[in-house]
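One structure below.
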Number of protein chains: 2
Amino acid sequence: MTKKADLPTKDKSKDGALKSITIADKEMSQRCLRGRIVLIDDDPEIVSALKSLLDMEGYACEPYLSANEFLKEQFLNKLKFPGPWCILCDVKMPEVDGLELQRQLINLGAPPLVLMSGASGASEAVEGLRAGALDFLIKPFDADRLLATLQRALIISSQRQVNTTKSFDLNERISLLSKREFDVINRVLKGQINRDIAEEEAIALRTVKHHRHLAFKKLGVTKLVDLVRLFEQNKA
Amino acid sequence: MTKKADLPTKDKSKDGALKSITIADKEMSQRCLRGRIVLIDDDPEIVSALKSLLDMEGYACEPYLSANEFLKEQFLNKLKFPGPWCILCDVKMPEVDGLELQRQLINLGAPPLVLMSGASGASEAVEGLRAGALDFLIKPFDADRLLATLQRALIISSQRQVNTTKSFDLNERISLLSKREFDVINRVLKGQINRDIAEEEAIALRTVKHHRHLAFKKLGVTKLVDLVRLFEQNKA
DNA sequence: AAAGCAATAGCACCAAAGGGCAATCAATCA
DNA sequence: TGATTGATTGCCCTTTGGTGCTATTGCTTT
């Protein structure tokens, strides 16, 4: 069914690592199978070994030997990628280490980050995880654990992109509204009735209805409940 | 301003640990100052030292020398506490260790958990944090770090209780609805108009209006937008 | 059995929402 | 400068929502 059977290098005896993934996510995980994985490690041997594994698993593995190398290339592309992706990064590296990379990536729309480290102190793990890393793999780690984590990372990336797209769409559509339309809709969302909106905006009732109508059309909703949901879901 | 000045035992030179707390949270943090902190550690000296510190800070510190001792007492009270609270627990303990406690507490409506450990392996920290622990303090740790973490924990506990109360209230109020009222409201939330609701429920239009009216009153809303928000916010 | 309550529903009225049609006015475009 | 476009508005009609008053029915309480 999956490609696991073709992998002699991987311990495939237990699937327990996947148990935190719900049945509902399985479909999505299928779509995530072909995701992009940025691999950063200063040890060429590890890079090559992991790249082989990930390639075999069907992931598009993009290897870098330093965080700077990755950052240089990414700032051109502005950390955008059309599809699920994540970063798998070593912690102990010269110049920019994994935690430093994490700090730099924060607030940059970075994808999920998975850290890994050799004989590392617990404090690094704590710092990394508290700063939002999805997992902290301690070398040598189990391939199953790695793959499960990456799968989780790609699912999260995918969900984030859906959300981003959704709120982008909403902002897009909101930007189509004229100022009046925007104001009217805001008052509608506050529960004001047309008459009061007209009064407070100092325009005619008929005009409020007009703007309300156009705004509904531009936002792609027909019913009030849909309007409220649209804004409510893209708020949290 | 705070009681910090009275504490000679505590390094109060830097407030940096608090920087992740927004201005908006400050009010709430005031209310959290007097929170309950369950302290679990098998080392009596540490328990006594930490209890002193926490007592001085104004927290209600409740010490236990083993996780079992705590669990025994809590299962009677069903892990309920009217107000913000959290658990500060050592990882390395005989019988039930911190991670085991964490596993037992999950799905039990447990409060935020802060783990601490001496010369611990990174794997324990990773496991603890991945399982949802708020922080993993490595002994010896900075008192500021501890207090900042506890403050965060109590704020989170407080917010959780607010949410729980809110959705409990909603369920409470929903349970006041008769079946008809419930069905009508559900259809209203789907955007159906009264006429169609009447048709599909095979009752008169006037009756739909009647149930709608009573349901609004029972749910404590007057406007449609409020109804939608009420259900939307208690869904996610 | 009488009273009370919830569900149902008819009648009537008013307020609010939705929208078609047409006109005015100002700014912008060709 | 004439044409176009967008914002604004009035007039008018229909649909929908909200409510008061009343009445019937069936079940529960006293």
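In what follows, chains are A, B, ... by sequence order, proteins preceding strands, each numbered from 1.
No hydrogens or angles considered: a donor-acceptor pair under 3.5 Å links the side chains of A:Glu200 and A:Gln192.
Counting to the nearest Å, the P atom of D:dT8 and the CG atom of A:Asp183 are 10 Å from each other. Taking atom CG on A:Leu177 and atom P on D:dG6, their separation rounds to 15 Å, with Å as the unit.
For B:Lys166 and B:Asp169, the salt-bridge test fails: no basic side-chain N is under 4.0 Å from an acidic carboxylate O. A salt bridge is absent between A:Arg130 and A:Glu127; no separation between the charged side-chain nitrogens and carboxylate oxygens falls under 4.0 Å. A:Asp183 and A:Arg187 are not joined by a salt bridge, as no carboxylate oxygen comes within less than 4.0 angstrom of a charged side-chain nitrogen.
Results of the side-chain hydrogen bond (donor to acceptor under 3.5 Å, both in side chains) test with B:Asn194 over B:Arg206, B:Glu199, B:Arg212 single out B:Arg212 as the only residue that passes. Partner B:Cys89 forms a side chain to side chain contact (heavy atoms under 4.5 Å, CB included) with one of B:Leu105, B:Leu113, B:Val114, B:Val96 and no other, that one being B:Leu113.
Judged as a side chain to side chain contact (heavy atoms under 4.5 Å, CB included), and not counting sequence neighbours, the contacts of A:Glu181 are A:Leu177, A:Ser178, A:His211, A:Leu214, A:Ala215, A:Lys218.
Neither OP1 nor OP2 of D:dA7 sits under 4.0 Å from any side-chain N or O of A:Arg180.
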What string of B, S and - do you get for nucleotides 9-20 of chain D, 5' to 3', when a contact is any protein heavy atom under 4.0 Å? BBB----SBBBB

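In this structure, A:Phe70 and A:Tyr64 have perpendicular ring planes: the angle between them is above 60°, well past the 30° mark.
If you walk DNA chain C from 5' to 3' and mark each nucleotide with an atom closer than 4.0 Å to a heavy atom of chain B, the marks span C:dA7 to C:dC11.
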